[in-house]
Amino acid sequence: MATMTPLELWPTRSAEDVQTIIRAVYKQVLGNPHVMESERLTAAESQLANGDVSVREFVRAVGTSEFYRTRYFEKCAPNRFVELNFMHFLGRPPASQAEISEHIVRCVAEGFDAEIDSFINSEEYQTTFGENVVPYNRGANTQVGQAQITYNRMFALDRGPAQVSSAVTSAQVGMSNKIKAASVNLGGSGQANQKTFKILVQGAKGGPRRLSNTEYRVAGDNMTSQIQRINRSGGKIVSITEVV
């Protein structure tokens, strides 16, 4: 699905070079969809062509667009949304359930834009892609020092050039070493409601001295509303794990 070779926009770029970068960003960030002319971000494209914004800022514009919000934030279960954010913006799968939990909590507590910004503003993004390299699939090839499970997770998340991210709406990455088959469903949250997650919460209404943990088990489709209720009650989410 994602480009395998780093593409960089140089100061000496031609108009053709700019269009190549724009197409690569759309393909990587939007998950290989067909983008109609009416859906293109013409203002952001012009800013990139004029040198007013960097590739990184163009990636941000695409990632925070209504196109991305509608396809992934509104239609995917939280786990799947976070998995895709890792792939689209950092070119890798989440390394652990703890990483997924951290981003789910941020997304619910701070909102869609804050979740996208957390990837693009991260030290990892800056170190890997800088200002003018298009994010690319870093997990498709094994690397020295890389655990086999990371490769397996990337394979589970990205099934190749023909896959469109929005066609697979349920979570694909388990925290085991097993490669899971893709589950494809074109509507709603897919098969996410067939997955159950355990949310471990510390404290809630009842006084500051309450230190005991409470465990919630919730279907993927109901995770966002459950986290919102936890936040309103003053609870602190310790972890979110998939119940296998």
Side-chain angles (χ1 to χ4, degrees), residues 1-7 9 16-49 53 55-94 100 103 107 112-113 115-120 125 129 133-140 153-173 180-192 220-221:
M1 173 170 52
T3 180
M4 299 286 291
T5 304
L7 292 175
L9 189 61
E16 184 179 351
D17 293 334
V18 173
Q19 290 305 310
T20 297
I21 292 293
I22 288 172
R23 288 193 296 271
V25 170
Y26 281 143
K27 183 176 182 180
Q28 170 69 24
V29 175
L30 296 180
N32 200 30
H34 172 69
V35 181
M36 296 185 293
E37 285 299 316
S38 61
E39 295 174 317
R40 295 183 63 157
L41 303 178
T42 53
E45 288 183 20
S46 295
Q47 289 179 315
L48 182 66
V53 299
V55 171
R56 184 169 75 98
E57 291 308 313
F58 182 63
V59 167
R60 190 193 307 275
V62 176
T64 55
S65 67
E66 190 62 27
F67 189 112
Y68 196 90
R69 174 190 282 269
T70 300
R71 289 206 171 200
Y72 300 117
F73 180 62
E74 295 179 1
K75 293 185 178 180
C76 291
N79 257 44
R80 177 61 177 167
F81 174 58
V82 169
E83 287 175 356
L84 290 174
N85 289 343
F86 270 96
M87 183 169 67
H88 293 162
F89 300 111
L90 296 182
R92 67 168 177 87
I100 295 177
H103 282 270
C107 189
F112 170 73
D113 286 355
E115 163 66 359
I116 302 304
D117 285 342
S118 71
F119 288 96
I120 299 171
Y125 184 103
F129 309 119
V133 173
V134 179
Y136 59 91
N137 183 340
R138 297 187 288 145
R153 288 172 185 161
M154 193 68 213
F155 182 78
L157 195 57
D158 180 2
R159 291 309 178 96
Q163 178 178 298
V164 178
S165 292
S166 58
V168 187
T169 52
S170 61
Q172 295 300 308
V173 177
K180 296 184 179 182
S183 171
V184 178
N185 188 303
L186 297 180
S189 295
Q191 304 302 314
D221 276 356

Q: Listed by chain and number, what are the ring pair (Phe, Tyr, Trp, His ring centres under 6.0 Å) partners of F67, not counting sequence neighbours?
A: none
Q: What residues, two or more places apart in sequence or in another chain, satisfy side chain to side chain contact (heavy atoms under 4.5 Å, CB included) together with R23?
A: Q19, T20
Q: Just say parallel, tilted or perpendicular for the rings of F119 and F86, cut-offs at 30° and 60°.
A: perpendicular
Q: State, with a plain yes or no, whether a side-chain heavy atom of P94 is found less than 4.5 Å away from one of E83.
A: yes
Q: Using the test side chain to side chain donor-acceptor pair (under 3.5 Å), find all partners of E57 that sit at least two apart in sequence or belong to another chain.
A: R60
Q: Can you confirm whether the side chains of Y72 and H88 place a donor and an acceptor under 3.5 Å from each other?
A: no
Q: With sequence neighbours excluded, tell me which residues meet side chain to side chain donor-acceptor pair (under 3.5 Å) with E16.
A: none
Q: With D113, which residues qualify under side chain to side chain donor-acceptor pair (under 3.5 Å), at least two apart?
A: none
Q: Mind checking what makes side chain to side chain contact (heavy atoms under 4.5 Å, CB included) contact with E66, not counting sequence neighbours?
A: R69, T70, E74
Q: Going by atom types only, do Y26 and E39 share a side-chain donor-acceptor pair under 3.5 Å?
A: no
Q: Going by side chain to side chain donor-acceptor pair (under 3.5 Å), name the residues that satisfy it together with Y125, two or more places apart in sequence or in a different chain.
A: none
Q: By salt bridge (Lys or Arg N to Asp or Glu O under 4.0 Å), which residues pair with E115, not counting sequence neighbours?
A: none
Q: Check whether any side-chain heavy atom of V134 sits under 4.5 Å from a side-chain heavy atom of I21, and report yes or no.
A: yes
Q: Partners of V133 by side chain to side chain contact (heavy atoms under 4.5 Å, CB included), sequence neighbours excluded?
A: P6, E8, F129, Y136
Q: Are V25 and L48 packed together at the side-chain level, in the sense that at least one heavy-atom pair is separated by less than 4.5 angstrom?
A: no
Q: Nearest heavy-atom pair of F112 and G63: which atoms, and what distance?
A: CZ-O, 3.3 Å
